[in-house]
Amino acid sequence: CVENEHVFIGYVTDTNKYEGTSCSDEADCQAKCTLDNTCGGYTVGSQGQSLGRGGEFVCAVLSGGTKCWGRNDWNIFNNGAGHVGDAANEMGANLPYLLSDVKKISGGGTSSVLCALLTSGVLECWGQSSYKTHGQSGTGAISFANRATAASDVSDWAMGTNVACAVMNSGAVKCWGVNTHGQLGDGTISTNSLPTDVLNINNAMGVAVGMESSCALLTDGTVQCWGRQDKIGRATTADDPTPGDVGVTGAIKIDANRYYTCVVLNTGKITCWGQPSHEVFGDGGTSVGYGAGKHTVSNIGDTLPSAVQISIGLDNMCAVLDNGHLYCWGRNAYGQVGDGTTTDRNTPVKIMEGVSSVICAHRVTCARLDDDSVKCWGRNLYGEVGQGDTIENRLSPLSVDLADTFPPTPITYGPLVAGTGDSKALQQGCQTCPTGSIRTAGDLLANGATSCACPENFHVSGGQCVACVAG
């Protein structure tokens with residue numbers, strides 16, 4: 001694919017005079033498409049995950065490379081020693097770059113291991129892992145300079161507290177790490193430090209990993225989970241080391257922490273299951289849920305607009321809505337909800353507007369705004385709020401100086417979805433399906449995202465299903 005420019009791809013005939021050529025922006029593409037009845041349209045893809053999380057640290061994938069701040073056990077930031085962002089003059093231009101050509105970076109639920117998925121599809125890991133999450137034989141420290149290749153040909157990945165899983169470009173899933181409850185999904189309970197195939201999955205588009213369970217989001221909008229019986233969303237009283245369907249449909253996003261898993265549905269609602277320790281389901285209750293029970297987050301996708309992205313921290317959760325508003329809820333003793341209080345919230349509360357993505361880590365939350373700025377809030381024991389200090393319990397969002405910008409969103413290409421009724425429709429890339437749209441199973445864009453389709457004679461434009469205009 002060609003990044004950072006718009007290109008026509010014709011699928012109606014093989015004589016499209018604009019096929020494979022560039023245009024300056026979407027308006028130019030649309031104008032040319034109007035003039036050419038054979039235009040097949042173009043798709044706009046996703047840049048990747050611009051913010052990454054760890055146990056008590058945060059990373060940003062920026063134009064100049066990746067920067068991380070907060071807790072720095074075992075020198076995972078490769079800065080010599082010491083935590084980063086906990087003292088004056090450690091942020092901004094003084095915050096060093098770690099890696100370039102990164103698509104996604106995370107330490108999962110740990111503060112001692114860091115892994116980066118490169119744009120080449122290689123997953124590299126380093127740090128100290130007593131849980132075998134390096135993807136290499138044995139345990140012990142692996143320095144940044146000697147970072148290990150855990151897997152190649154990877155399209156997405158996730159790390160929990162003691163398990164990591166990767167989605168391969170083929171749609172298969174591989175997991176490695178601790179396996180006492182079958183959380184590797186290979187049919188055994190034998191811990192394995194090397195990536196092992198998850199059974200019976202060949203159409204995954206995402207994964208979410210906790211401490212004792214793992215889940216895969218499939219291209220047909222269903223979810224399969226495996227591991228500890230009270231965290232896999234199924235009516236079972238026994239741990240299950242093989243994947244099984246959890247009974248949700250239309251799922252388009254997934255995330256997990258060590259206790260529970262949540263998905264965004266194509267209806268815009270958020271559904272969760274597992275074993276939370278606090279009011280993190282966001283459904284207005286305070287009870288702990290177990291097993292097959294599903295909980296729907298209050299108001300979102302109902303009286304509030306639809307969710308397009310979620311992130312789950314240790315004991316709080318946030319959602320970006322399709323109007324750019326950010327809502328958070330859950331445990332709030334350290335200000336991790338971000339509403340200016342330390343009051344626990346069992347239903348979503350509005351934090352700010354103009355947000356494009358959010359990441360919840362270990363009692364710290366950070367958001368990327370539409371203007372490419374970053375704001376963080378929460379506990380701040382190690383400088384993870386990014387203020388160059390360790391003043392604890394920052395209750396409201398604070399600007400973080402990164403002295404860099406995020407890279408522009410690349411353009412990726414794939415066929416128009418069958419049944420849109422208009423060969424000239426501009427089909428925007430669907431990492432999430434717009435309200436009123438339907439999921440087309442198995443129809444993948446070039447970047448691995450599942451396509452979305454509107455009803456007959458409608459197309460996706462500006463996040464809405466819009467009636468096609470006769471050419």
Side-chain angles (χ1 to χ4, degrees), residues 46-108 110-120 122-127 143-145 147 157 159 311 313 355-391 394 397-410:
S46 171
Q47 179 266 332
Q49 186 165 306
S50 55
L51 294 174
R53 65 186 175 204
E56 284 146 323
F57 65 83
V58 181
C59 298
V61 180
L62 303 165
S63 295
T66 300
K67 293 186 174 187
C68 299
W69 62 97
R71 187 171 181 175
N72 184 34
D73 293 345
W74 300 100
N75 192 31
I76 56 174
F77 299 161
N78 194 40
N79 70 328
H83 307 308
V84 177
D86 61 340
N89 302 316
E90 289 191 355
M91 297 300 294
N94 294 323
L95 187 63
Y97 290 105
L98 184 62
L99 275 176
S100 59
D101 299 320
V102 172
K103 179 180 179 181
K104 181 178 180 180
I105 188 167
S106 176
T110 75
S111 296
S112 58
V113 175
L114 190 55
C115 296
L117 175 57
L118 307 183
T119 54
S120 64
V122 172
L123 180 64
E124 295 184 341
C125 298
W126 61 97
S143 67
F144 174 80
R147 56 193 181 273
W157 78 286
M159 181 187 290
S311 183
V355 175
S356 61
S357 64
V358 66
I359 201 80
C360 298
H362 190 107
R363 293 169 176 157
V364 61
T365 306
C366 294
R368 174 185 173 182
L369 278 63
D370 291 339
D371 62 4
D372 267 1
S373 64
V374 173
K375 293 188 175 184
C376 297
W377 56 97
R379 190 170 189 181
N380 203 39
L381 277 177
Y382 304 95
E384 60 266 35
V385 176
Q387 301 303 300
D389 60 42
T390 54
I391 299 173
R394 312 306 286 265
L398 297 170
S399 295
V400 177
D401 181 10
L402 297 176
D404 198 352
T405 60
F406 291 93
T409 301

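When a residue number appears, it is its place in the shown sequence, counting from 1.
The backbone N or O of Trp157 lies less than 3.5 Å from a partner atom in the side chain of Lys104, making a donor-acceptor pair. Although no hydrogens or angles enter the test, the distance criterion places a donor-acceptor pair under 3.5 Å between the side chain of Lys67 and the main chain of Leu95. Side-chain atoms of Ser356 come within 3.5 Å of backbone atoms of Arg368 as a donor-acceptor pair (strictly under, hydrogens ignored). Of the possible polar contacts, one joining the Asp404 side chain to the Gly64 backbone as a donor-acceptor pair under 3.5 Å is found. With Asn380 contributing its side chain and Ile391 its backbone, the two residues share a donor-acceptor pair below 3.5 Å. The main-chain N or O of Arg53 is found under 3.5 Å from a side-chain atom of Ser106 such that the two form a donor-acceptor pair. For the pair Gln387 (side chain) and Ser399 (backbone), a donor-acceptor distance under 3.5 Å is present.
Between Trp126 and Asn78 the shortest side-chain heavy-atom distance does not fall below 4.5 Å. The closest side-chain heavy-atom distance from Ile105 to Cys68 is below 4.5 Å. Annotation: side chain of Val58 is in contact with side chain of Trp69 (closest heavy-atom distance under 4.5 Å). At least one side-chain heavy atom of Leu98 sits less than 4.5 Å from a side-chain heavy atom of Leu114. Inter-residue side-chain proximity for Ser120 and Asp101 is flagged as unmet; no heavy-atom pair is nearer than 4.5 Å. Counting only heavy atoms from C-beta outward, the side chains of Leu118 and Val102 approach each other to under 4.5 Å. No side-chain heavy atom of Val84 sits less than 4.5 Å from a side-chain heavy atom of Phe57. At a threshold of 4.5 Å between non-hydrogen side-chain atoms, the residues Ser357 and Phe406 do not count as touching.
Applying the 6.0 Å contact sphere to CG of Asn89 captures no more than 12 heavy atoms from other residues, nucleotides or ligands.
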Worksheet item: Does the side chain to side chain contact (heavy atoms under 4.5 Å, CB included) test come out yes or no for Asn72 and His83, once each step is laid out?
Response: CA-CA 5 Å; Asn72 184 34; His83 307 308; 4.1 Å; yes
